[in-house]
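Have a look at the structure below, then the notes.
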Protein chains: 2
Amino acid sequence: MPSHEFQAHDHSHCVSDAMNAALVHCEKNGLKFTPVRQRVFEILLSEHKAMGAYDILEILAKEGMGSQPPVVYRALDFLGTHGFVHKIEKLNAFVACEHPGSDHDPAFMICRSCTKVVEMNGSPNSEISSAAKSMGFEVEAIVVEAEGLCPTCQDTE
Amino acid sequence: MPSHEFQAHDHSHCVSDAMNAALVHCEKNGLKFTPVRQRVFEILLSEHKAMGAYDILEILAKEGMGSQPPVVYRALDFLGTHGFVHKIEKLNAFVACEHPGSDHDPAFMICRSCTKVVEMNGSPNSEISSAAKSMGFEVEAIVVEAEGLCPTCQDTE
DNA sequence: TGAGGGCTTGATATACTATAACAGTTCATA
DNA sequence: TATGAACTGTTATAGTATATCAAGCCCTCA
Ligand SMILES: [Zn+2]
Ligand SMILES: [Zn+2]
Ligand SMILES: [Zn+2]
Ligand SMILES: [Zn+2]
């Protein structure tokens, strides 16, 4: 059983790796990684969970960084456009990307018990792509979200 | 290239097949396929497109079948629970099931140009299931939604 | 230097999606 | 006929997302 983010791990590495990758990517591409954007990213990095835009906004507001919805939606739009966060459609919520730097179609596992959200390794989407292609459909983006129980929560049920 | 619902076809068969299957299933299982539920299903069957709850409600209202959101959401809940319609998470919208009667994890193709939504044949989800299983994750439900261009719309671009 | 232009932020208002809660009705059945 | 379960009507409210316009910042080029 490979280790992964559902299990206990040194999460400070997740945070620093992702933040560093984002800083480097913005630097290289002349993107403005402004304080609000950076703070929203930090908030999403703090746990492997999806957060609603309004949950994030509440934190920002307490810190005096903006109190209106557009503030957080604009930051999320920036972060999503550049691949730093993903939207979880099933939850109408957002999660920090775990594979920074690589352009990828993410696929997620959502634990309904502990609410953690983890990206699958690799891109297990080739079967879907080829099923679509065999019907003549040209895929541009794929949403893959598996809901269920993570290893830890299976044990405690 | 197999034929499918993106292309021209005798759509009246889609409608009558699905409605018959639903009627039979409700009959067999003692489910109450009430006028509102039946009408909502008909509306969703009229095209291979996803419709928002409020679009459906607008039609119901014109016909004097209920004018408040709970009416349509309750009907959609019934239809979803019994597998007659699916929710498209990416669109926050609902579509009639094309494989009535069979218990299945649907996978969708969404054309961004003509907005048609078609279920893939088979369940091309085994790759995802096994990727999840290899990480110890127990899948209970899968959302698969591929967005792109259908065969027809590729030609006209 | 300072006028312009593009991008970011602030702020107000509004649109869109979904559910909670309770009252009234229908219908099967005990 | 009484009882209860399920469906419908209705009001109110919660939750998610965007349109729009004004104001500020930063870079660049005349
Ligand atoms: Zn971590
Ligand atoms: Zn869990
Ligand atoms: Zn059809
Ligand atoms: Zn199309």
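The sequence lines fix the lettering, A, B, ..., with proteins before strands; numbering per chain opens at 1.
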Between [X] ([atom1]) and [N] ([atom2]), how many Å, whole number?
X: B/Ile88; N: C/dT17; atom1: CD1; atom2: P; value: 14 Å
X: A/Glu58; N: D/dT16; atom1: CD; atom2: C1'; value: 15 Å
X: A/Leu76; N: C/dT8; atom1: CG; atom2: C1'; value: 16 Å
X: B/Met65; N: D/dT10; atom1: CE; atom2: P; value: 14 Å
X: A/Phe33; N: D/dC25; atom1: CZ; atom2: C1'; value: 19 Å
X: A/Met51; N: D/dG15; atom1: CE; atom2: P; value: 15 Å
X: A/His82; N: C/dC7; atom1: NE2; atom2: C1'; value: 12 Å
X: B/Arg39; N: D/dT8; atom1: CZ; atom2: C1'; value: 18 Å

State which of [options] makes the closest approach to the side chain of [X].
X: B/Arg74; options: C/dA20, C/dC7, D/dG9; value: D/dG9
X: A/Val71; options: C/dG10, C/dT12, C/dT17; value: C/dG10
X: A/Gln68; options: D/dA17, C/dT12, C/dT17; value: C/dT12
X: A/Arg37; options: C/dA20, D/dT16, C/dT8; value: C/dT8
X: B/Lys32; options: C/dC7, C/dG10, D/dA6; value: D/dA6
X: B/Pro69; options: C/dT9, C/dA18, D/dT8; value: C/dA18

Phosphate-side-chain proximity, [X] and [N], N/O vs OP1/OP2 below 4.0 Å:
X: A/Asn92; N: D/dG15; value: no
X: B/Lys87; N: C/dA18; value: yes
X: A/Ser67; N: C/dA11; value: no

Given A/His104 and A/His86, is the side-chain hydrogen bond (donor to acceptor under 3.5 Å, both in side chains) satisfied, shown in steps?
-> CA-CA 11 Å; A/His104 59 292; A/His86 301 294; 3.3 Å; yes

A/Asp55 or B/Gly64: which one's nearest nucleotide on DNA chain D is closer to the 5' end?
-> B/Gly64

Answer with yes or no whether A/Tyr54 presents, from its side chain, a donor or acceptor under 3.5 Å of a partner atom in the base of D/dA14.
-> no

Step by step, work out the side-chain contact (heavy atoms from CB on, under 4.5 Å) result for B/Lys116 and B/Glu5.
-> CA-CA 9 Å; B/Lys116 282 191 183 170; B/Glu5 293 83 355; over 6 Å; no

Centroid distance under 5.5 Å and plane angle under 30°, B/Tyr73 vs C/dT19 = no

Cut-off 3.5 Å, side chains only: do B/Ser126 and A/Glu127 have a donor facing an acceptor?
-> yes

What do you reckon, is CD of A/Glu63 surrounded by more than 12 foreign heavy atoms closer than 6.0 Å?
-> yes

Interatomic distance, CZ@A/Phe41 vs CD1@A/Ile56, rounded to 0.5 Å, equals 11.5 Å

